[in-house]
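Working notes, structure below.
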Amino acid sequence: DAKTTQPPSMDCAEGRAANLPCNHSTISGNEYVYWYRQIHSQGPQYIIHGLKNNETNEMASLIITEDRKSSTLILPHATLRDTAVYYCIVRVGGNAGNMLTFGGGTRLMVKP
Amino acid sequence: NAGVTQTPKFRILKIGQSMTLQCAQDMNHNYMYWYRQDPGMGLKLIYYSVGAGITDKGEVPNGYNVSRSTTEDFPLRLELAAPSQTSVYFCASSKADTQYFGPGTRLTVL
């Protein structure tokens, strides 16, 4: 699986959009970008994933660059409950047997 | 659905003791996983299973054993607990692209 690079920490004001970047310059053509988050002391929670098109769900939007070497997770209106560590993971999609490899992630602090 | 459940929530072991961490899911998922998370670090895969009767090693399997006799249950066994196994253990299950995680078991070995 391709490795990812994320900033270790970010701050965001409550109510503003949080934009979390991820670099994955060695991504392969059949690898998807997945985002999970982990709120303190809880198990990780799936947020969103995509291959090459931008994706949106009730939690967030995922913007993938045209060359697929980087992506941005967008939380449109961050709340205090979005304070968590966000993990960007790249792996082959469509097969539940492919394991998730968690790096250090980005610690997002949403401030009042 | 309860999703993925884990017991116990907390446990303190003495060096050399053994214990089993329980994990169950009620979503009829074929795939199940065990991860450990050390303080300030990401998760590392210990073992995984692709279905009842089938298990395989992950990144850090030493000191652990697993079994999968049913689709629902995937227990993790520590035979001789060591201080290096102090960690938070997460169980997960999946059917397609999304993994669902349990609340974790916080284990301390003294």
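Just so we're on the same page: letters track the sequence lines, and every chain starts at 1.
- Interface remark: B/E59 contributes no atoms to any contact with chain A (heavy atom separation under 4.5 Å).
- Contact check on B/K44 versus B/D38 returns no salt bridge, with no Lys/Arg side-chain nitrogen under 4.0 Å from an Asp/Glu carboxylate oxygen.
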Practice problem: Evaluate the side-chain hydrogen bond (donor to acceptor under 3.5 Å, both in side chains) criterion for residues A/H24 and A/S70: first the C-alpha distance (whole Å), next the side-chain angles of each, then the deciding distance (0.1 Å), finally the verdict. | Solution: CA-CA 5 Å; A/H24 32 79; A/S70 66; 6.0 Å; no
Exercise. Kindly determine whether B/S49 and B/R68 satisfy side-chain hydrogen bond (donor to acceptor under 3.5 Å, both in side chains), including the steps that lead there.
Key: CA-CA 7 Å; B/S49 169; B/R68 184 95 181 272; 2.7 Å; yes
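- For residues 81-91 of chain B, a heavy-atom distance under 4.5 Å to chain A picks out B/F90, given by residue number.
- Heavy-atom neighbours of chain B within the stretch residues 41-52 of chain A, taken at a separation under 4.5 angstrom, comprise A/S41, A/Q42, A/G43, A/P44, A/Y46, A/H49.
- Taking chain A as the reference chain and counting heavy-atom pairs below 4.5 Å, the highest number among B/N30, B/V4, B/L43 is found for B/L43.
- Residues B/R77 and B/E79 are paired through a salt bridge, judged by an N-O separation under 4.0 Å between the basic side chain and the carboxylate.
- Note: B/Y31 and B/Y33 have parallel aromatic rings, judged against thresholds of 30 and 60 degrees for the angle between ring planes.
- Separation of the A/F102 and A/Y87 ring centroids falls under the 6.0 Å cut-off.
- Under the 6.0 Å cut-off for aromatic ring centres, B/F101 and B/Y35 qualify, their centroids lying closer than that.
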Quiz item: For B/Y64 and B/R36, what are the C-alpha separation, side-chain angles and deciding distance, and is it a side-chain hydrogen bond (donor to acceptor under 3.5 Å, both in side chains)?
Solution: CA-CA 11 Å; B/Y64 307 94; B/R36 60 175 286 174; 2.9 Å; yes
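- For B/Y100, no part sits under 4.5 Å from any heavy atom of chain A, backbone or side chain.
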Quiz prompt | A/D67 vs A/T65, side-chain hydrogen bond (donor to acceptor under 3.5 Å, both in side chains): CA-CA, chis, key distance, verdict | solution = CA-CA 5 Å; A/D67 63 8; A/T65 58; 2.8 Å; yes
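- Here A/R16 contributes atom CZ and A/L75 contributes atom CG; the two are 14.0 Å apart, rounded to the nearest 0.5 Å.
- Using a 4.5 Å cut-off between heavy atoms, B/L45 touches chain A through its side chain atoms alone.
- Looking at A/N53, A/N54, A/T56 one by one, the single match for side chain to side chain contact (heavy atoms under 4.5 Å, CB included) with A/I63 turns out to be A/N54.
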